[in-house]
Amino acid sequence: MREFFDEMYGADGEVRAAYTAIAAWLAETPPAVLETKREEAERLFRRVGITFAVYTEGGDTERLIPFDIIPRVLDADEWAFLERGLVQRVTALNRFLADAYGEREIVKAGKLTDEYIDTHPAYCPQMQGVAVPSGIYTHIAGIDLVRTGANDFYVLEDNCRTPSGVSYMLENRAVMMRLFPELFARVGVAPVARYPQDLLAMLRSLTTPIGEEPCVVVLTPGQFNSAYYEHSFLADEMGVELVEGVDIIVRDKKVYMRTTDGLKRVHVIYRRIDDDFLDPLVFRPDSALGAPGLMEAYREGNVALANAPGAGLADDKAVYMQVPEMIRFYLGEEPILKNVPTWDCANEGALAYVLDHLEELVVKETRGSGGYGMLVGPHATKKTRDAFAKKLRLNPSAYVAQPTLALSTCPTFAGDTAAGRHVDLRPFVLSGANGVRIVPGGLTRVALQEGSLVVNSSQGGGTKDTWVLRRNGGDR
Amino acid sequence: MLSRAADALFWLARNMERMDNLARLIEAAQSMAGVSSEAEEWRSALAAAGVDELYDETYDEITPDLAARFLSSGGVNPSSIINCLENARINARAIRTALTRDMWEAVNQGWIESRALTDDNFSPALLAETLDWVRTLSTRFSGAYETTMLRNENYWFVRLGTFLERADNTARILDVKYHLLLPRESSGVGGMLDYYQWTSVLRAVSAVRAYQWVYREEVRPWNVAELMILRTEMPRSLRACYDHIIYCLDQLAEIHGGKRGEAHRLAGAIAAELRFGRISDIFETGLHETLTTYIDRTRELGDQISNLYMR
């Protein structure tokens with residue numbers, strides 16, 4: 001009796017082809033050796049300083065995300081399918097954003113209302129009618145996928161603002177290659193190391209040729225931000241400056257950074273600060289994280305921003321429900337990747353259904369993220385559900401509900417043996433004037449607690465290396 | 001490079017160097033255990049570290065254990081070994097991309113290990129081990145930057161921080177110790193206690209052996225002063241530090257198309273005095289006066305470097 005699809009053992013308990021080498025390796029490696037390797041991996045991560053901050057806890061603000069040493073594997077066909085679906089989906093999301101900040105064809109077609117767009121908290125009125133480079137808004141998108149069967153993948157969430165986690169994808173691979181070189185000799189795994197170069201090429205493509213090398217920078221809120229490690233890692237891997245608000249200054253609608261040699265012009269900013277903090281003249285006046293005048297320089301076309309301000313319009317859970325329709329509307333294609341069926345509690349009929357079926361649904365805040373403020377019905381006590389129902393009735397439009405998905409499991413090292421734990425996958429999709437690119441793989445998050453379905457690192461999740469197998473040794 | 005990055009690299013190096021000097025100071029003070037002027041020795045160590053007033057506000061009396069703890073793990077002391085390392089890591093973390101992985105790992109690994117060393121679990125028995133650990137750490141750090149950094153601006157700002165801090169520390173140690181010895185000097189030099197104390201000055205800059213190799217005679221005050229101020233072969237002497245500072249500033253000027261500033265003029269003037277100075281002249285002017293001037297001018301040089309590159 002198998003409740004969940006296991007990615008190694010499939011539905012029938014037979015080892016699936018993609019996992020042949022992993023299964024053999026697990027069978028021949030004593031648990032004590034795996035434990036030693038796991039400890040070594042942790043030491044490596046700590047030494048390099050790959051940490052993240054957890055805001056709700058006091059004390060030690062720098063923690064490691066637990067790393068599981070058993071890789072998660074996708075074969076070449078599975079990946080080719082996902083890749084097609086991701087390119088299609090992100091292309092449609094960018095078309096939607098260009099439309100929402102442009103002509104609003106989607107409103108004219110009666111699919112969304114002006115009011116819905118204009119009152120959306122992530123809608124940025126300052127962006128209306130602004131010509132952005134190549135009409136692209138979400139240059140780096142993280143699309144969260146889950147799997148429920150051999151051929152069943154669902155999109156759980158689109159992250160269009162400043163998705164993080166790509167440094168874990170890269171560092172996880174680096175650590176695995178260091179710990180288990182013999183495994184990589186046995187299995188043809190598609191490399192992910194080119195991601196920083198792809199990212200840089202994409203960022204450079206956002207400027208028109210200017211006769212000099214365009215100056216690209218990464219803008220970080222600083223070392224106390226939870227993703228600071230990633231910001232510095234990416235800047236370092238791309239060989240560009242990691243700047244903070246104090247380092248940049250706007251003069252004559254152009255952006256400069258303060259260097260030991262005086263002011264130097266900046267052409268592209270990969271910003272890892274939220275819209276609200278970009279420019280105190282336009283957004284939050286108390287922000288010192290961005291630079292006064294940045295938005296004006298941007299609107300003049302003197303600097304490119306990735307991602308564009310206001311891109312968050314495309315990633316809330318109410319817009320999510322429209323994405324399959326957007327794919328048909330903008331691209332004239334059938335969606336390749338499925339959405340999870342979603343009940344919008346703003347709708348009265350849906351609300352009644354959700355209240356009736358709380359014990360089998362996951363209810364999320366329409367505008368929440370990070371796994372905070374959600375109810376996992378089947379795992380909640382009756383008391384918690386009743387309390388949640390009360391909140392839901394008070395403010396139904398703040399919530400959407402989805403069935404509890406039977407997330408696939410993947411063998412995960414649990415002390416002395418490998419046991420199935422639930423996983424999801426976040427691939428990173430790059431869109432620039434040079435096209436759409438995805439490195440084969442992504443960040444696999446794993447719920448380390450037995451039976452848990454919550455993979456968020458803020459809620460006790462860990463990560464795994466994600467292997468996409470090369471097609472018969474070809475260099476995919 | 002970013003002005004902020006230059007500033008952080010400079011202070012990263014200064015904090016690592018200061019930490020290293022503190023360990024030597026503590027070790028030198030410890031070596032006077034059982035000698036009559038033990039408390040004075042610790043007071044001079046506290047003064048050389050610039051925290052004697054803060055110490056007096058915190059404690060009523062000077063004991064070796066309290067002073068050693070104050071200098072090494074003291075949370076209230078902003079320049080304790082532990083806080084220097086904390087500051088170094090904050091600077092390092094702010095500019096991860098300007099560091100090589102080896103440098104970062106040296107600082108970060110040290111910081112992780114240092115977290116066990118708190119005020120509460122400090123014990124005198126662990127002190128020797130701790131001081132060894134500091135030396136290993138600072139050697140690892142300088143080894144990492146010497147062997148892995150590109151010879152670009154980043155490197156010259158790290159070197160500049162190292163040598164400016166070292167010059168400052170050497171001048172302070174000599175000044176404070178000399179001050180302690182002054183009253184006795186009028187009543188005749190050469191007692192056993194003097195010998196111990198001058199040796200302790202040398203020990204604080206790890207130069208006991210160096211002294212023997214250079215002078216091949218018993219420890220004499222003017223030789224010690226000459227060794228620490230003017231001798232080019234002594235790596236912690238003011239002269240040696242300033243030779244490095246000049247070189248770093250010249251490299252930076254070259255990288256910036258020949259652009260120079262007040263920092264270059266001032267460093268050049270100080271270096272020239274050190275290069276052509278005589279110890280007899282220094283004693284004639286007064287050692288304390290001379291050293292105070294060097295300490296002030298070194299501080300001024302730090303400000304000028306900051307004016308030119310870091311804002």
Side-chain angles (χ1 to χ4, degrees), chain A residues 42-53 59-64 167 171 174 178 196 215-249 256-264 266 270 272, chain B residues 1-10 12 86-87 89-113 115 140 144 150 152-157 160 248-249 251-261 263 305-311:
Chain A
E42 190 176 319
R43 255 198 319 277
L44 286 172
F45 279 115
R46 214 173 262 289
R47 202 170 74 196
V48 178
I50 311 176
T51 54
F52 76 110
D60 196 354
T61 52
E62 288 175 36
R63 305 167 86 222
L64 280 184
S167 57
E171 291 284 10
R178 185 157 166 184
C215 174
V216 176
V217 299
V218 177
L219 174 60
T220 174
Q223 64 171 309
F224 299 106
N225 182 268
S226 63
Y228 179 74
Y229 172 76
E230 177 157 306
H231 306 160
S232 67
F233 175 84
L234 289 174
D236 199 22
E237 290 280 315
M238 289 193 285
V240 306
E241 295 289 356
L242 177 67
V243 304
E244 296 181 14
V246 295
D247 298 319
I248 53 177
I249 182 169
Y256 298 88
M257 59 182 174
R258 299 174 212 269
T259 77
T260 53
D261 217 7
L263 297 181
K264 183 169 189 280
V266 171
Y270 175 23
R272 295 292 298 257
Chain B
M1 74 186 292
L2 290 176
S3 300
R4 182 175 53 86
D7 184 69
L9 283 169
F10 183 71
L12 161 64
E86 178 76 30
N87 291 336
R89 184 170 181 272
I90 287 174
N91 280 301
R93 205 161 180 265
I95 39 138
R96 274 291 296 265
T97 56
L99 304 182
T100 63
R101 196 169 258 225
D102 286 4
M103 286 171 80
W104 164 252
E105 287 185 4
V107 176
N108 194 45
Q109 183 67 33
W111 179 81
I112 291 168
E113 288 163 7
R115 310 201 79 191
R140 182 177 172 195
L150 276 176
N152 57 14
E153 273 185 279
N154 294 4
Y155 175 74
W156 300 116
F157 281 115
L160 207 45
C248 294
L249 285 170
Q251 294 296 318
L252 285 169
E254 198 163 302
I255 289 169
H256 293 129
K259 191 177 118 193
R260 285 162 190 273
I305 290 170
S306 172
N307 277 341
L308 186 57
Y309 296 115
M310 300 170 189
R311 48 186 71 154

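Numbers restart at 1 for each chain; the letters A, B, ... are given by sequence-line order, proteins then strands.
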Could you check which of A:Leu242, A:Asp236, A:Val243 has the highest count of heavy-atom pairs closer than 4.5 Å to chain B?
A:Asp236
Look at B:Arg101, B:Gln109, B:Glu153 and state which one has the largest set of heavy-atom pairs under 4.5 Å with chain A.
B:Arg101
Could you report the tightest heavy-atom contact between A:Thr260 and B:Tyr309, atom names first, then the distance?
CG2-O, 3.5 Å
Under 4.5 Å to a heavy atom of chain B? For A:Glu237 that would be neither
Compare every heavy atom of A:Gln223 with every heavy atom of B:Ile90, then report the nearest pair and how far apart it is.
O-NE2, 2.9 Å
Where B:Arg4 and A:Val246 come nearest, the two heavy atoms and their spacing:
CD-CG2, 3.9 Å
Flag, side chain of B:Arg96 to backbone of A:Ser232, donor-acceptor distance under 3.5 Å:
no
A:Met238 CE to B:Thr97 OG1 distance, which is reported to the nearest 0.5 Å:
10.5 Å
Under 4.5 Å from any heavy atom of chain A - which part of B:Met310
neither
Is the number of heavy atoms from other residues, nucleotides or ligands within 6.0 Å of NZ (B:Lys259) greater than 12?
yes
Taking all heavy atoms of B:Leu2 and all of A:Met257, pick out the closest pair and write down the distance.
CD2-SD, 3.6 Å
